[in-house]
Enquirer: 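Handing you this structure, nothing more for now.
Numbered from 1 within each chain, the chains take letters A, B, ... in sequence-line order.
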Number of protein chains: 2
Amino acid sequence: MSTAQGARARARIEVTAAIKDEARRQLAAEGAAKLSLRAVARELGMVSSALYRYFPSRDDLLTALIIDAYDSLGESAERAHEAVAQTAPQERWVAVCEAVRRWALGHPHEYALIYGSPVPGYTAPQTTVPPAARVGLLLIGIVRDAHGGPGGLAELPAVPEDLHAEADRIAADLAPDLPASAAAALVAAWAQLFGLVGFELFGQFNRVVEEREPFFRHAVRQLGRGVGLR
Amino acid sequence: MSTAQGARARARIEVTAAIKDEARRQLAAEGAAKLSLRAVARELGMVSSALYRYFPSRDDLLTALIIDAYDSLGESAERAHEAVAQTAPQERWVAVCEAVRRWALGHPHEYALIYGSPVPGYTAPQTTVPPAARVGLLLIGIVRDAHGGPGGLAELPAVPEDLHAEADRIAADLAPDLPASAAAALVAAWAQLFGLVGFELFGQFNRVVEEREPFFRHAVRQLGRGVGLR
DNA sequence: CACAATCGAGAGCACTGCTCTTGCTTTGGG
DNA sequence: CCCAAAGCAAGAGCAGTGCTCTCGATTGTG
């Protein structure tokens, strides 16, 4: 079903890939705002209108790049996790967080594309949801393992009255075996992780934090403690 | 030095303000990417080239809006803090965080402008630094009060070896009276706060967190605990 | 009063995303 | 095998963008 599709279909796949490659190159070089369909087409030796056969609009090209970026980040994180899969949950947690940071530093514009300001008028289609969830799922898995493993999770402060129902719902959706307090803390930690990464990447730490790597490691270790990892 | 400057100077100030107002209106309506000098000029009944007498480029207009946004956020946070200035540090901490969130929800595009992806090729001039620091200074002040107040700060885990020097430096820069561990935790919490706000605002919490307000309150209360507030 | 600085208007350049029409090539069914 | 249908690249064109430059008119100052 993948090959054996005739020269035309194969060419289409190749051209589509070439467009995305060139677009990614421009994205990395100049950022999403300066990504120009015409420039991509020019670089590929075609005329701009031809490009619309492959992507109906600039935003659709961006969507494709967004999905790829989520997948690239997810894969980096998963690979880093596999390398330490046999170690203690706390170490695996830190490893995944550090992989996220490394990927972000290595792909700043792609990171900005997926975790920065959303492009105006553009709402991500449902197809971006699964790739976007990969890092989150990884973190959930680590905490679940810790919960089921030796020692279990550390006791967390109870969630306040007005959050009981919501915390239960979050736990039921994400990890039914986890205590509601841990599930809620996990979601918060997930967001906070990207706060740390974003602040470093977008310059808010300039003249504030210099030794970013040990700072980050310590911060995410604390983050892990906050979700009950020992 | 402010008035008594002749009709010309006064007119200049007024026109400059009118441009910023209209630009802010377009920013709120459509986002930074769609902010067009020509559209602003059109709405003001002038021709686009005339606008360059007041702002040498589109990016300079954006810089002005960025500074205003930081100041608007800072003022909101400070006002919210004043209203609870007599209460316990933990409550003041939560109040400031909630003010940040409220401002962000009320000014999504301005928030995206200052805490989202930086515009490409654009590096914020030094003039943006003081307004950008206002929220951070507020949080520092709360923790310092708690440290000097009754009960002091809770004991925090020691920072690891490789972070000793950096944590000391951060403390020396930001709040010499605080323990290094608290200063480091404070900077991390500052970044994490904006991770929470950003994730809610930019849609990452869609279909994950529904009851955002109690969730946020609980998360920032935990954040406060993480810097030693009781 | 006269001179210089300041300002608005207009034309123009090089660019953008996107549409539509015109032909050429590949493909698959009769 | 052949031919209509579908896929494709190219080009012209539209409306919009940021920005520059020039040309009068207005204004403040020596």
Enquirer: Hey, is the main chain of B:Trp103 close enough, under 3.5 Å, to the side chain of B:Ser76 for a donor-acceptor pair?
Expert: no
Enquirer: Would you indicate, yes or no, if C:dG8 has its OP1 or OP2 atom less than 4.0 angstrom from a side-chain nitrogen or oxygen of B:Tyr54?
Expert: yes
Enquirer: Looking at D:dC19, D:dT17, C:dG17, which one has an atom nearest to any side-chain atom of B:Leu37?
Expert: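 For B:Leu37, the side-chain atoms sit closest to D:dC19.
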Enquirer: Using OP1 and OP2 only, check whether a side-chain N or O of B:Arg53 sits under 4.0 Å from C:dA5.
Expert: no
Enquirer: Any chance the rings of B:Phe202 and A:Tyr115 have centres within less than 6.0 Å?
Expert: no
Enquirer: Is A:Leu35 touching bases, backbone alone, or none of the nucleic acid, heavy atoms closer than 4.0 Å?
Expert: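 Sugar-phosphate, backbone atoms only, no base.
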Enquirer: For A:Gly45 and for B:Pro56, find the nucleotide of DNA chain D with the closest heavy atom, then tell me which residue's nucleotide is more 5'.
Expert: A:Gly45
Enquirer: In this structure, how many angstroms lie between the P atom of C:dT16 and the CD atom of A:Glu30, rounded?
Expert: 12 Å
Enquirer: Check whether A:Arg58 reaches the backbone of A:Leu35 with its side chain - one donor and one acceptor, N or O, closer than 3.5 Å.
Expert: yes
Enquirer: Using 30° and 60° as the class limits, which term best fits the ring planes of A:Trp190 and B:Phe205: parallel, tilted or perpendicular?
Expert: tilted
Enquirer: Side chain of A:Arg12, heavy atoms from C-beta onward: which of C:dA9, D:dC8, D:dT17 has the nearest atom to it?
Expert: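 For A:Arg12, the side-chain atoms sit closest to D:dC8.
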Enquirer: Is a donor-acceptor pair below 3.5 Å formed from side chain B:Arg38 to base D:dG16, judging by atom type as modelled?
Expert: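 No.
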Enquirer: Tell me whether the side-chain N/O atoms of A:Ser49 come closer than 4.0 Å to OP1 or OP2 in D:dG11.
Expert: no
Enquirer: How long is the line joining CZ of B:Arg58 and P of D:dC19, in whole Å?
Expert: 8 Å
Enquirer: Measure CD1/A:Ile19 against P/D:dA9 and give the value in whole Å, please.
Expert: 8 Å
Enquirer: Measure CZ/B:Phe55 against C1'/C:dG8 and give the value in whole Å, please.
Expert: 17 Å
Enquirer: Just how far, in rounded Å, is P of C:dT19 from CG of A:Asp60?
Expert: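 The answer, rounded to whole Å, is 11 Å.
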Enquirer: Verify the distance criterion only: is there a donor paired with an acceptor across the side chains of B:Asp60 and B:Ser57 at less than 3.5 Å?
Expert: yes
Enquirer: Please classify the nucleic acid contact of B:Ser57 as base, sugar-phosphate, or nothing, using heavy-atom distances under 4.0 Å.
Expert: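 The residue B:Ser57 makes sugar-phosphate contact but no base contact.
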Enquirer: Nearest whole Å is fine: how far is D:dA10 P from A:Leu44 CG?
Expert: 11 Å
Enquirer: Without decimals, in angstroms, what is the distance between A:Tyr52 OH and C:dT16 P?
Expert: 11 Å
Enquirer: Assign each of A:Ser36 and B:Ala50 to its nearest nucleotide of DNA chain C by heavy atoms, then name whichever residue's nucleotide is nearer the 5' end.
Expert: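 Going by which nucleotide is closer to the 5' end, it is B:Ala50.
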Enquirer: Roughly how many Å is it from CZ in A:Arg42 to P in C:dA14, rounded to a whole number?
Expert: 13 Å
